[in-house]
There are 2 protein chains.
Amino acid sequence: MIHRNRSSTIADVARLAGVSIATVSRVINGNTPVIESTALRVRDAISELKFVPRAAARTLASRRTNTIGLIFSEIGGAFFPLLLKGIEAETRSAGYELLIHSTQAAHAQKRRPLGEHNTDGLLVFTSSLEIEELRKLSQINFPLVLMHQTPPDEMNTPVITIENKDGAEMLVSHLIEKHARRRIVFLQGPEGHEDSQWRERGYREALESHGISFDPGLVVSGEFDEEQAFAAMRKLLLDGIEFDAVFSGDDDAAIGVYRALKMANRSIPDDVAVVGFDDVQFSRYISPALTTIRAPIEEVGREAVRQLIHLLNGEQAQSLTLMRTELVIRESCGCKSHDSHKS
Amino acid sequence: MIHRNRSSTIADVARLAGVSIATVSRVINGNTPVIESTALRVRDAISELKFVPRAAARTLASRRTNTIGLIFSEIGGAFFPLLLKGIEAETRSAGYELLIHSTQAAHAQKRRPLGEHNTDGLLVFTSSLEIEELRKLSQINFPLVLMHQTPPDEMNTPVITIENKDGAEMLVSHLIEKHARRRIVFLQGPEGHEDSQWRERGYREALESHGISFDPGLVVSGEFDEEQAFAAMRKLLLDGIEFDAVFSGDDDAAIGVYRALKMANRSIPDDVAVVGFDDVQFSRYISPALTTIRAPIEEVGREAVRQLIHLLNGEQAQSLTLMRTELVIRESCGCKSHDSHKS
DNA sequence: GCGTTATCAGAAAGCGTTTTCATAGTATAC
DNA sequence: GTATACTATGAAAACGCTTTCTGATAACGC
């Protein structure tokens with residue numbers, strides 16, 4: 001191990017400033033009054049020695065890690081950078097550190113790596129943690145905030161998510177009202193995926209409120225995935241199912257839908273209107289530009305941190321926060337876009 | 001603050017197992033032999049009490065944080081998720097925690113938040129830290145690995161980056177050899193951006209090795225940005241500069257180039273071939289599909305962690321690691337792509 | 001003036017581990 | 001059988017802070 005000469009400690013500062021270490025600590029933390037002349041000497045000593053308190057020692061003594069843990073399953077997806085950006089910014093501005101951890105299947109790890117022993121609270125994204133794990137944490141009252149995942153009823157854990165249902169409803173209503181579509185395919189996401197379930201509900205409610213009866217034959221599985229969506233669309237086309245629009249579940253799946261339709265020589269949007277969900281980066285660049293839903297993902301991250309901090313301060317947190325979604329109209333629904341290339 | 005009944009400590013485990021805390025510690029860390037029958041009792045006690053050692057106490061006693069810090073400037077960019085994924089995976093498989101921090105301009109923070117006091121070593125992405133800061137860290141021999149940034153000569157800090165020059169050279173040579181282009185525009189990235197400098201060098205060398213003289217009038221600033229690239233191309237077109245190809249610096253800029261060329265009714269690739277760099281997600285979806293360079297970003301992250309761990313172990317680290325880049329031929333160069341929609 | 005109350009600062013007790021040092025017991029050597 | 005060398009464990013000293021408890025001074029009320 002490379003040798004580094006021990007860096008200075010609070011005792012060195014105290015000695016140089018001619019005070020006790022308690023006083024130095026008080027100057028650093030500013031939680032107990034210290035007379036200005038003394039404080040000044042201490043501050044000088046600190047900067048002269050370039051003293052930085054050891055995080056571990058503070059944590060041990062104060063029983064606060066001053067750290068928030070973020071736990072998620074996959075980094076992939078256009079989603080993640082925005083979420084992380086929000087989380088990081090808010091965490092930092094609240095004066096906390098951010099420890100991150102993914103639970104990719106790969107190495108089945110024995111012990112939950114983030115918890116009481118190294119964080120003050122946890123942010124959990126979608127289903128990155130087993131319900132059982134969540135329950136355990138919740139039982140010991142460990143501060144917890146979920147994102148895009150509703151907890152079991154008995155767990156009163158705050159949740160931040162987006163208006164999936166509203167978004168889907170806007171999308172489908174737009175297809176019905178503005179473009180007179182009536183046979184609209186819905187591509188479901190993965191089994192049990194909560195976002196997907198809400199989107200389906202929005203889809204159904206839009207149909208219902210416009211007096212269109214729900215046809216189970218138009219709901220197939222797209223898995224929020226290009227290939228799966230492609231395959232599902234191929235099958236619909238081969239089976240000769242009739243439809244005049246597709247709500248692809250998300251933008252990734254929309255790419256698969258585009259491919260299948262083009263291959264079958266169906267024009268988008270004339271023969272079939274297509275809409276996505278998420279407004280990922282490529283949505284505005286594909287042709288025709290994709291009509292979709294935009295959600296304030298970054299804000300989801302920020303809000304999750306805010307709620308967690310409420311919890312950490314022993315304050316009440318909001319049990320459910322739903323972020324507004326916004327319809328982004330481009331060309332794939334049949335509208336004329338004014339900005340196929342810019343937001 | 002929410003009350004939580006103190007969780008168990010190593011002393012509780014020791015008591016239950018009927019041994020001393022030293023023995024418990026030895027069982028946990030496995031660095032000193034403990035007779036199997038004793039170890040078994042200890043392990044039973046640990047799982048019965050659900051004991052998890054406090055990270056802070058371990059750190060304080062052992063003087064190792066077991067944590068790697070990642071410091072970067074911006075989360076945006078198609079780049080980041082991949083890099084983070086590699087870093088996260090490798091960090092975890094090496095048994096370290098990952099603390100992340102961004103240095104967005106916004107809150108000018110007084111003190112570097114990641115350092116000796118809370119991490120064992122630091123991963124620094126591009127220019128997220130001032131040279132002065134780097135120098136300080138390097139002077140106290142703090143383990144450091146840079147990504148996509150070469151350190152000043154006197155700092156013998158390992159660097160991981162990609163073959164920017166090779167990539168650019170492949171791209172430009174392809175345009176010259178396969179598509180007989182000779183007047184190739186190069187859109188530079190931001191001033192002082194190291195990736196951009198190397199790409200420019202590759203561009204020049206490709207020209208030179210094919211006997212094409214360098215024309216400074218064909219090199220303009222695109223800033224790796226759609227709007228800037230658009231503006232730069234508009235200007236070239238208005239000025240009546242002649243060219244038959246554009247190396248846009250990166251894929252984002254290529255979008256701006258596309259827009260400008262389409263607006264001027266120049267066909268891509270017939271009138272003007274266009275190539276990018278990075279192979280971001282949308283590159284295969286735009287029309288025509290973009291010929292570009294793919295770099296193993298995730299591997300950059302993994303390798304950076306590996307080198308840092310060498311340093312942490314007191315071993316020698318490789319001072320420069322250059323990751324191979326790969327030409328991804330699609331349609332915008334004039335080739336017929338076999339996969340405009342799949343990698 | 002004297003007793004009472006505020007201030008400010010120091011002493012010292014933790015916080016929960018790792019690690020060094022010491023020791024009892026066992027095995028090995030002759 | 002005694003001297004020697006291990007081995008497995010325990011006792012106790014760090015590690016570098018925060019925080020409680022105390023005490024010394026100064027300020028105040030009357």
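The analysis underlying the following values was restricted to heavy atoms, covering all of them including side chains, and did not include hydrogens, waters or symmetry mates. For clarity, every value in this text was computed on a predicted model and none was experimentally measured. A, B, ... follow the sequence lines: proteins, then strands. Residue 1 opens every chain.
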*Side chains of A:Asp120 and A:Thr65: is there a donor and an acceptor less than 3.5 Å apart?*
yes

*asked:* For a quick check under 3.5 Å, do A:Thr59 and A:Arg54 share a side-chain donor-acceptor pair by atom type?
replied: no

*First and last nucleotide of DNA chain D touching chain A, 5' to 3', heavy-atom cut-off 4.0 Å?*
D:dG16 to D:dT20

*asked:* Return the OG to CG distance between A:Ser138 and A:Leu122, rounded to the nearest 0.5 Å.
replied: 12.5 Å

*State the NZ-CZ distance between B:Lys85 and B:Arg302, to the nearest 0.5 angstrom.*
9.5 Å

Using atom [atom1] of [X] as one end and atom [atom2] of [N] as the other, report the distance to the nearest whole Å.
X: A:His117; N: C:dC15; atom1: NE2; atom2: C1'; answer: 17 Å
X: A:Arg58; N: C:dT17; atom1: CZ; atom2: C1'; answer: 20 Å
X: B:Ile46; N: C:dG16; atom1: CD1; atom2: P; answer: 16 Å
X: B:Arg54; N: C:dT18; atom1: CZ; atom2: P; answer: 13 Å
X: B:Asn66; N: C:dT18; atom1: CG; atom2: C1'; answer: 14 Å
X: A:Glu116; N: C:dC15; atom1: CD; atom2: C1'; answer: 15 Å

*Can we say A:Arg135 and A:Glu132 salt-bridge, meaning some charged N sits less than 4.0 Å from an Asp/Glu carboxylate O?*
yes

*Between A:Glu36 and A:Arg41, is there a side-chain N and carboxylate O pair less than 4.0 Å apart?*
no

*A:Asn31 vs B:Thr32, nearer the 5' end of DNA chain D by closest nucleotide*: B:Thr32

With sugar-phosphate meaning primed atoms plus P, OP1 and OP2, does [X] contact a base, only sugar-phosphate, or nothing at under 4.0 Å between heavy atoms?
X: A:Thr38; result: sugar-phosphate
X: B:Ser62; result: sugar-phosphate
X: A:Val24; result: nothing

_Option passing side chain to side chain contact (heavy atoms under 4.5 Å, CB included) with A:Leu137 (candidates A:Thr157, A:Leu144, A:Val124)_ = A:Leu144

Give every pair of a protein N or O atom and an N or O atom of nucleotides 10-12 of chain C that lie under 3.5 Å apart, one pair per line with the distance.
unit_1	atom_1	unit_2	atom_2	d
C:dG10	OP2	A:Ser20	N	2.8
C:dG10	OP2	A:Ser20	OG	2.9
C:dG10	OP2	A:Thr23	OG1	2.6
C:dG10	N7	A:Arg26	NH2	2.7
C:dG10	O6	A:Arg26	NH1	3.4
C:dG10	O6	A:Arg26	NH2	3.4

*asked:* Taking CD in A:Gln316 as the centre, count heavy atoms belonging to other residues, nucleotides or ligands within less than 6.0 Å. Is the count above 12?
replied: no

_In terms of relative ring orientation, are B:His148 and B:Phe79 parallel, tilted or perpendicular, with 30° and 60° separating the classes?_
perpendicular

